[in-house]
Amino acid sequence: MTETYTPGKPIWCAGCGHFGVQGALVRALEKVGAEPHETMVLAGIGCSGTIQNNVSAYGYHALHGRVLPAATGVALANPDLTVVAAGGDGDGYAIGMGHLVHTFKRNPSLTYIVMTNETYGLTKGQRSPAAGPDPAHNEGIDSVRLGLSIPGSSFIARGFTRQAEQLESLTVAAVEHANAGRGFAFLEVLSPCVTYKDLYPQWDAAAYDVDEDPAYDPMDRAGAFATCQRLDDEDRIPIGLIYTGNNESMEARWGPGDRRLNPGGPDDRDVLHGFLDGMAS
Amino acid sequence: MTETYTPGKPIWCAGCGHFGVQGALVRALEKVGAEPHETMVLAGIGCSGTIQNNVSAYGYHALHGRVLPAATGVALANPDLTVVAAGGDGDGYAIGMGHLVHTFKRNPSLTYIVMTNETYGLTKGQRSPAAGPDPAHNEGIDSVRLGLSIPGSSFIARGFTRQAEQLESLTVAAVEHANAGRGFAFLEVLSPCVTYKDLYPQWDAAAYDVDEDPAYDPMDRAGAFATCQRLDDEDRIPIGLIYTGNNESMEARWGPGDRRLNPGGPDDRDVLHGFLDGMAS
Amino acid sequence: MSPNGVTDFNVMVAGQGGDGSLTVVTLVDRLMRRHGLHLYTSRNVASRIKGGHAAALLRGSDVRRGCIGDHLDLLVAFDAEALEIAGPRVGPEGIIVFDSSHGEPRTEVAIDPTVQRLDIPFGRLSVRDLRRDLFKNSFGFGVVTRLLSVPDDEAEDVLSERFNRLPPRAKAANIEALRRGFEYAEEHGIEQGQGRWRFGRAQAHGEHILASGNQGAAFGFLAAGGRFFTGYPITPATDVLDYLGPRINKLGGVVVQAEDEMSSINMALGASMAGVRAMTASSGPGIALMQETIGHLGSAEIPLVIIDAMRAGPSTGMPTKPEQSDLDMLVFGGNGDFPRIVLAPTNPYDAFEIGVIATNVAQLYQGPVFIAMDQAIAQDSVTVRRFDVDSVEVEPGKVVDAETLSGLEEYRRYAVTADGISPWATPGTKGGLSLVTGNERDEWGLVSTEPDNRVEQMDKRERKVKTVESLLPAALRGGDPDAEIGIVGIGMEVGVIIEAVERLAKSGSSYATFMPRTIWPVPDETIEFISSRRIVYVVEHNAEGQLKRVLAAAGAPPDRMHSILRYDGVPFRPADLVAALSERASVA
Amino acid sequence: MSPNGVTDFNVMVAGQGGDGSLTVVTLVDRLMRRHGLHLYTSRNVASRIKGGHAAALLRGSDVRRGCIGDHLDLLVAFDAEALEIAGPRVGPEGIIVFDSSHGEPRTEVAIDPTVQRLDIPFGRLSVRDLRRDLFKNSFGFGVVTRLLSVPDDEAEDVLSERFNRLPPRAKAANIEALRRGFEYAEEHGIEQGQGRWRFGRAQAHGEHILASGNQGAAFGFLAAGGRFFTGYPITPATDVLDYLGPRINKLGGVVVQAEDEMSSINMALGASMAGVRAMTASSGPGIALMQETIGHLGSAEIPLVIIDAMRAGPSTGMPTKPEQSDLDMLVFGGNGDFPRIVLAPTNPYDAFEIGVIATNVAQLYQGPVFIAMDQAIAQDSVTVRRFDVDSVEVEPGKVVDAETLSGLEEYRRYAVTADGISPWATPGTKGGLSLVTGNERDEWGLVSTEPDNRVEQMDKRERKVKTVESLLPAALRGGDPDAEIGIVGIGMEVGVIIEAVERLAKSGSSYATFMPRTIWPVPDETIEFISSRRIVYVVEHNAEGQLKRVLAAAGAPPDRMHSILRYDGVPFRPADLVAALSERASVA
Ligand SMILES: Cc1ncc(C[n+]2csc(CCOP(=O)(O)OP(=O)(O)O)c2C)c(N)n1
Ligand SMILES: Cc1ncc(C[n+]2csc(CCOP(=O)(O)OP(=O)(O)O)c2C)c(N)n1
Ligand code: SF4
Ligand code: SF4
Ligand SMILES: [Mg+2]
Ligand SMILES: [Mg+2]
């Protein structure tokens with residue numbers, strides 16, 4: 001075997017939620033049978049943005065906030081890959097917010113895992129946009145409701161590192177959604193930063209598992225929104241599969257997703273000559 | 001009187017919806033008694049982004065997509081001003097999307113009028129993010145539902161240039177919300193581009209006026225979302241006052257909004273010496 | 001022009017933007033192509049949809065020209081503003097056809113006394129007789145063809161061809177309008193076949209196409225295997241999106257209109273990293289927004305072609321006006337030191353060739369390659385040889401496949417190699433797992449700040465530009481190679497320099513011309529050219545002399561270089577340059 | 001050092017990041033300040049929260065120094081990696097205190113034979129006796145104070161002061177740990193007051209503070225009336241946000257943490273346009289994202305101060321390492337030609353002064369002013385004179401109020417004036433309605449592409465930089481002004497150059513030094529300095545010689561300038577520069 005890089009050891013603080021996210025991802029990739037060389041893990045910048053170093057897959061460390069456009073490019077370029085984008089809530093909800101909304105809209109078939117800890121871990125503890133209200137700040141952004149508000153979205157879930165089994169099955173469901181060509185699988189994970197903002201106690205109390213609620217219907221967008229809103233009013237946070245729907249994926253709209261976009265098809269030159277004929281003087 | 005610039009004549013195509021937006025704005029500013037010199041109109045880039053040239057007020061032509069951060073800076077710097085940001089749907093929902101979400105979140109007291117025409121008028125007719133689905137594209141972004149999904153939002157309305165009276169009263173309500181220091185007043189206006197995408201007929205048919213619906217409650221966020229969603233499923237578009245609530249505004253959180261942030265208060269130097277004492281060696 | 005035939009003819013049609021008046025130009029254009037003339041066409045519009053002065057310029061000439069000529073021979077002015085602005089540009093013995101429907105200019109217009117002016121109320125008559133203002137164009141064309149001594153039936157033929165796809169009713173109305181034009185000409189004493197000018201016999205020029213630089217570069221990208229394009233609309237780069245949008249899917253490729261320029265370039269980056277040749281295009285403001293990612297491409301070693309169709313800056317500037325004022329940003333923008341290549345086509349054919357080179361070189365050296373075109377090169381349409389697509393080679397670069405990998409003992413994405421280029425396995429390839437990052441890294445792709453490793457990686461990246469240097473396009477040269485005075489210019493200056501120096505040579509002044517197509521890294525030949533002259537005039541469209549500055553930064557002797565600058569949004573005409581050079585010669 | 005007292009002392013404490021070991025340094029720091037030494041402190045950390053080699057460096061000296069010295073006198077190494085990395089840097093007669101709790105280095109470490117090594121298992125003993133690893137720091141401090149011949153009660157005093165705010169229990173435990181340190185020193189034969197080193201008598205140096213460049217610039221901004229700051233966290237610029245965050249509101253100002261750098265700079269722009277002095281700060285990647293807006297500030301004529309705390313690039317690069325590789329971008333980035341000013345402080349006091357100048361000059365000339373600091377200048381803390389806030393003047397610039405306006409016949413926001421600066425009415429001012437835009441515009445602010453107007457507006461904008469040029473900070477000069485060899489360097493190179501040239505002078509080699517504080521526009525004095533030497537060495541922390549390139553672009557003779565470069569993320573020490581210069585002297 002060719003020697004390539006060996007997945008590294010995480011550099012996170014002991015107890016960091018991100019370990020849990022990584023564990024779930026590694027197990028999920030195995031479960032869905034994604035071959036390492038046919039998998040690409042793209043990460044943002046932040047503590048969370050080192051996950052790609054620890055997973056056996058092609059890895060890419062994007063610019064801060066740009067992981068989704070890059071992942072979209074990869075997914076469109078090679079639809080055979082299992083494409084997993086991952087990053088922090090600063091990366092995804094601050095500088096990356098515009099891309100998040102547009103990725104929901106475009107619905108490319110890839111998985112996006114956001115490790116939310118309400119803080120910027122790597123830059124030492126500033127507030128992230130997900131951070132809740134305090135005397136000097138308005139309420140935080142709720143990416144789940146945001147995702148529900150985009151008519152093109154197709155898969156929205158939230159896990160919690162404390163609930164490892166559920167997290168793993170949500171990760172599996174997300175990757176399967178994307179790999180089935182059904183579009184953008186968005187998974188937010190509550191992943192506490194034990195160094196700057198240990199939310200384990202708070203989230204332990206607040207988490208509400210919609211998967212356990214037989215009355216909850218993840219195919220009902222407006223119902224999902226109402227539930228999220230009600231829970232929020234009660235200071236609770238819904239976790240589980242929030243929504244799944246059937247919007248057409250971006251690659252599907254671009255035609256058969258079964259080939260790599262490489263040049264050299266036998267007719268390429270003829271097609272090019274055709275273009276020139278149209279410009280003839 | 002000092003001669004300053006004279007508001008120019010619009011350069012829009014005859015029949016462009018933007019005329020209607022301007023008319024409503026001019027009348028609304030008059031109605032709320034905003035003095036021209038105490039008013040600032042900031043615009044994006046696009047056909048829509050020339051409105052500031054035609055209104056008697058301080059005018060600013062922002063960079064493409066950056067009108068909201070600039071307007072937030074103005075509003076924080078001088079809370080006495082009536083601050084109106086305006087722009088197109090390309091400007092606001094494509095390149096400006098991240099800022100829109102964060103302005104909803106921060107809730108600064110200013111008005112934002114988006115002239116939605118589902119197209120990029122100035123660059124000659126490309127699709128805007130608000131454009132609805134077609135065989136090659138997924139559904140468009142619905143900024144009203146997006147606004148509802150941000151927990152910090154405080155005022156969301158949609159007008160239609162065909163309904164001039166309602167548009168004017170919505171504009172008045174928006175400016176009053178902002179001027180009362182209640183936060184970010186978001187007003188989307190359906191403002192057709194007659195040259196590249198004349199949606200008058202379609203929108204005439206689709207508009208559904210929630211103001212006329214006695215059962216509709218603009219204080220109920222989840223209810224508003226459900227109504228918008230239901231109407232969308234019926235290919236209808238809600239117009240009117242969609243939502244209004246009572247989140248604290250950004251300036252309010254920054255303390256008394258009654259002074260301009262200028263240096264020279266008598267104690268400034270003492271305060272500075274205090275900082276130095278803290279660094280003393 | 002010779003009495004026997006038009007050999008160099010400049011015509012402008014001007015009016016308010018968006019009223020369709022510019023279609024007259026496309027008619028004259030067809031006429032000239034029929035007669036085998038080379039064309040150079042340019043538009044001059046305000047950045048707004050309707051209204052605002054708009055003009056279309058057309059030059060037909062028997063030798064290929066790279067710019068519009070000094071004077072107009074014929075001006076068709078559809079309103080008073082057009083007459084005010086363009087009237088003074090009509091040369092001796094020229095003709096102005098003026099649509100007098102809406103009155104005279106408000107100010108005195110300085111028009112050459114030998115110019116003849118025909119006042120015809122096209123607009124009014126069109127509305128009166130044909131019910132639509134729009135028909136004034138075909139009406140005007142009728143007068144113009146008479147002035148050009150074109151037989152009426154040929155004129156009708158050209159018109160029919162052009163309006164082929166119109167409903168019969170509309171087509172008939174246009175022909176009716178054309179005939180009204182003939183009548184009106186007749187009334188003004190211009191008989192069929194007896195106009196002021198006359199075309200020569202059509203000559204065979206080989207296979208030609210009419211293309212702009214934007215189209216040339218886009219086509220070159222496709223020919224060299226480009227299959228993924230992202231863009232965000234912006235003048236004057238939108239053409240690339242427009243050109244590729246309906247075409248790339250026929251080659252199995254993808255075009256995405258992104259939500260902004262950061263998304264645009266990062267999607268392209270993603271596709272490229274996945275092994276598909278990718279490109280994006282924008283203009284100054286958008287390229288400015290891409291700066292962080294451009295450095296990232298340089299750092300992480302990801303190929304990408306980036307078109308910058310340059311408009312007048314700074315900031316939003318003058319979106320429809322040409323300038324060469326992004327050079328500094330292209331060469332020096334972005335944080336940190338990283339390799340990049342900046343190429344500058346001199347005409348649409350060149351844009352095609354450079355599109356090919358850029359796509360291949362990006363792939364070969366694994367980094368960003370810019371194609372810098374001022375708005376004139378990007379948008380002016382010119383008759384050029386049919387692009388030689390058959391001779392294009394698609395360079396694979398150092399991409400390694402699973403088979404090759406299985407024979408290797410180890411694979412390091414950022415292996416330090418003698419040529420600075422590391423073998424590259426794209427995702428999906430068995431045996432090539434790799435880490436790609438914009439942090440400094442070791443050969444495996446793991447983040448590292450170890451000082452020695454850092455230096456090795458930096459040096460490796462700088463080295464690889466040298467490796468591909470020989471593939472970068474050489475400068476064009478002209479004039480007298482032994483002259484002690486040199487002229488340097490790129491893009492839109494090239495056509496002007498060639499023509500000006502041709503004229504100056506006739507009057508006994510000789511200059512050596514040097515027109516770089518590779519801006520950065522500055523090739524040795526550029527430094528040598530400058531170092532071996534007494535004086536070098538660097539002709540540029542910007543205020544600070546950016547090209548001169550780039551050359552000085554690369555070591556060209558600053559005291560030999562003198563700037564000839566223009567930054568008012570207007571191209572040089574050959575006479576401008578002749579004047580500027582003559583003036584300097586008299587001072588020197 | 002002299003036997004009577006420490007006059008120049010370098011100490012490093014190193015271990016794993018985040019385990020609190022660096023607090024030892026703050027203790028030694030207090031000790032040295034008590035004894036009147038000037039301090040220079042620097043941190044060397046990995047860009048990660050915990051783990052990774054981290055070191056704190058401290059230099060105490062009786063004359064002010066602008067860098068860390070060549071060799072360490074004392075190394076406190078809390079683990080084997082620290083010993084491996086820093087051991088070789090301990091100079092002759094130095095001492096290493098090694099925490100032997102976790103074993104020996106795995107590789108051979110080359111340590112000077114005259115260095116004494118004390119192995120003490122601080123960590124293990126702290127856990128055993130005091131239940132927490134953390135106490136190893138106070139433990140270590142006990143040993144260190146004995147080595148420095150500090151009386152035990154003084155050491156205890158310093159410790160108490162430092163831990164004043166700890167709960168009594170924790171404080172007592174630290175004191176206990178300190179005493180264990182004394183005991184351990186005793187066991188190793190180091191009696192109280194009998195250490196290797198000894199401080200001299202405290203001298204009065206006037207009022208001093210300990211500050212970094214980031215703090216200096218932030219304070220200067222406040223002092224000059226800055227009241228609006230926006231930032232987005234990024235190493236090494238976050239300090240500015242951290243410094244201003246809790247302070248600006250005491251002056252009625254506002255700090256906003258934005259969602260990204262585009263928002264950050266555009267909010268600041270908005271506040272500035274509304275008449276409030278504003279600033280933003282970032283590092284390379286963030287400044288790259290701001291490029292479009294920076295050109296817009298230049299075009300639309302809006303004042304803004306922008307701090308670039310430069311880290312090693314390209315791209316994400318090495319976030320905690322110093323570099324001077326954004327100079328090209330600051331000087332040449334952004335689309336189009338627009339005026340800008342780039343200043344570069346040489347120490348924290350200078351940063352304060354330049355913070356004041358930048359804030360005033362931005363207001364005066366209505367455009368962007370950069371404060372460029374490499375990470376070392378930005379973050380290293382140095383004892384400097386107390387900032388002279390009382391002498392700061394707040395320049396109003398050409399802001400016009402309603403009263404003035406009422407006396408004017410007309411008000412044009414972009415009036416073409418002799419000095420290039422237009423009167424400016426901020427929104428809210430009666431009589432001053434205006435249009436501000438990044439399009440080219442006429443004097444009234446209305447979009448215009450009219451060629452003559454364009455040239456007037458461009459020239460006006462270029463002109464106004466000249467108007468404020470005399471207010472920009474002059475270079476520092478040193479060495480022998482008549483020497484034919486010159487040395488040029490900015491930022492972190494300055495302290496090193498001064499010390500190196502001082503030493504070289506002692507050995508008979510004389511150099512003239514020139515340390516610019518105004519980078520752009522390049523002042524005449526800079527060109528003159530270079531032009532009047534035979535050779536000029538330009539010392540820089542980047543790979544491509546960016547400063548040299550900027551100077552060449554501005555007309556400095558390229559053949560006289562030679563680069564001395566470093567880009568491995570490590571600062572020069574004076575000895576490095578002495579060696580580099582001596583080597584070149586022997587070749588020259
Ligand atoms: C353009 C840019 N701006 C700022 C930064 C600095 N930066 C690095 S990580 C980070 C935030 C990380 O927060 P988050 O994404 O929540 O990840 P976490 O560390 O919490 O896992 C920031 C702002 C950067 N690298 N690039
Ligand atoms: C950074 C940047 N990218 C692109 C452009 C080009 N541009 C000008 S207007 C516009 C879109 C306008 O669309 P919209 O905001 O919907 O306004 P409309 O013309 O439809 O009123 C674009 C993309 C620009 N000016 N700046
Ligand atoms: S700082 Fe917080 S987010 Fe970062 S590794 Fe430590 S616990 Fe995790
Ligand atoms: S192009 Fe469309 S949006 Fe622009 S002015 Fe014309 S109608 Fe209005
Ligand atoms: Mg986070
Ligand atoms: Mg629009």
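Values below: every heavy atom of this structure, side chains too, minus hydrogens, waters and symmetry copies. Below, chains carry the letters A, B, ... as their sequence lines are ordered, and counting in each starts from 1. A quick note: this is a predicted structure, and the numbers were derived from the prediction, not measured.
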If we define contacts as heavy-atom pairs under 4.5 Å, which of [options] has the most with chain C?
options                                    : value
Met329(D), Met458(D), Gln546(D), Gln291(D) : Met329(D)
Gly317(D), Gly569(D), Gly298(D)            : Gly317(D)
Val331(D), Thr449(D), Val550(D)            : Thr449(D)

With a 4.5 angstrom heavy-atom cut-off, which part of [X] approaches chain D: side chain, backbone, both or neither?
X         : answer
Leu289(C) : both
Glu544(C) : both
Arg549(C) : both
Gln324(C) : neither
Glu450(C) : neither
Met262(C) : side chain
Val570(C) : side chain

Flag the pair [X] and [Y] as a salt bridge only when some basic side-chain nitrogen lies within less than 4.0 angstrom of an acidic carboxylate oxygen.
X         : Y         : answer
Glu440(C) : Arg461(C) : yes
Lys460(C) : Glu301(C) : yes
Arg566(C) : Asp568(C) : yes
Asp374(C) : Arg311(C) : no

Legend entry - Partners meeting side-chain contact (heavy atoms from CB on, under 4.5 Å) with Asn44(C) (sequence neighbours left out):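 Applying side-chain contact (heavy atoms from CB on, under 4.5 Å) to Asn44(C) gives Ala55(C), Lys321(C).
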
Heavy atoms, side chains only, cut-off 4.5 Å: are [X] and [Y] in contact?
X         : Y         : value
Leu269(D) : Ile265(D) : no
Ile307(C) : Ser282(C) : no
Met310(C) : Ser283(C) : no

Most chain D-contacting option - heavy-atom pairs closer than 4.5 Å, from [options]:
options                                    : value
Val447(C), Asp459(C), Asp452(C)            : Asp459(C)
Gly284(C), Gly545(C), Gly438(C), Ala554(C) : Gly438(C)
Asp328(C), Asp337(C), Ile287(C)            : Asp337(C)
Ala553(C), Gly555(C), Ala552(C)            : Ala553(C)
Gly313(C), Pro314(C), Ala300(C), Pro558(C) : Pro314(C)
Ser299(C), Gly295(C), Gly333(C)            : Ser299(C)

Inset, instruction - For Thr293(D) and Asn266(D), run side chain to side chain donor-acceptor pair (under 3.5 Å): C-alpha distance rounded to whole Å, both residues' side-chain angles, the deciding distance at 0.1 Å, then the answer. - result: CA-CA 7 Å; Thr293(D) 306; Asn266(D) 278 283; 3.1 Å; yes

Inset, instruction - Please state whether the side chain, the backbone, both or neither of Arg441(D) comes within less than 4.5 Å of a heavy atom of chain C. - result: neither

Legend entry - Heavy-atom contact with chain C under 4.5 Å, split by part of Ser448(D): backbone

Inset, instruction - For residues Trp520(C) and Phe370(C), establish whether the separation of their ring centroids is below 6.0 Å. - result: no

Legend entry - Ring centers of His296(D), Phe338(D) separated by less than 6.0 Å: no

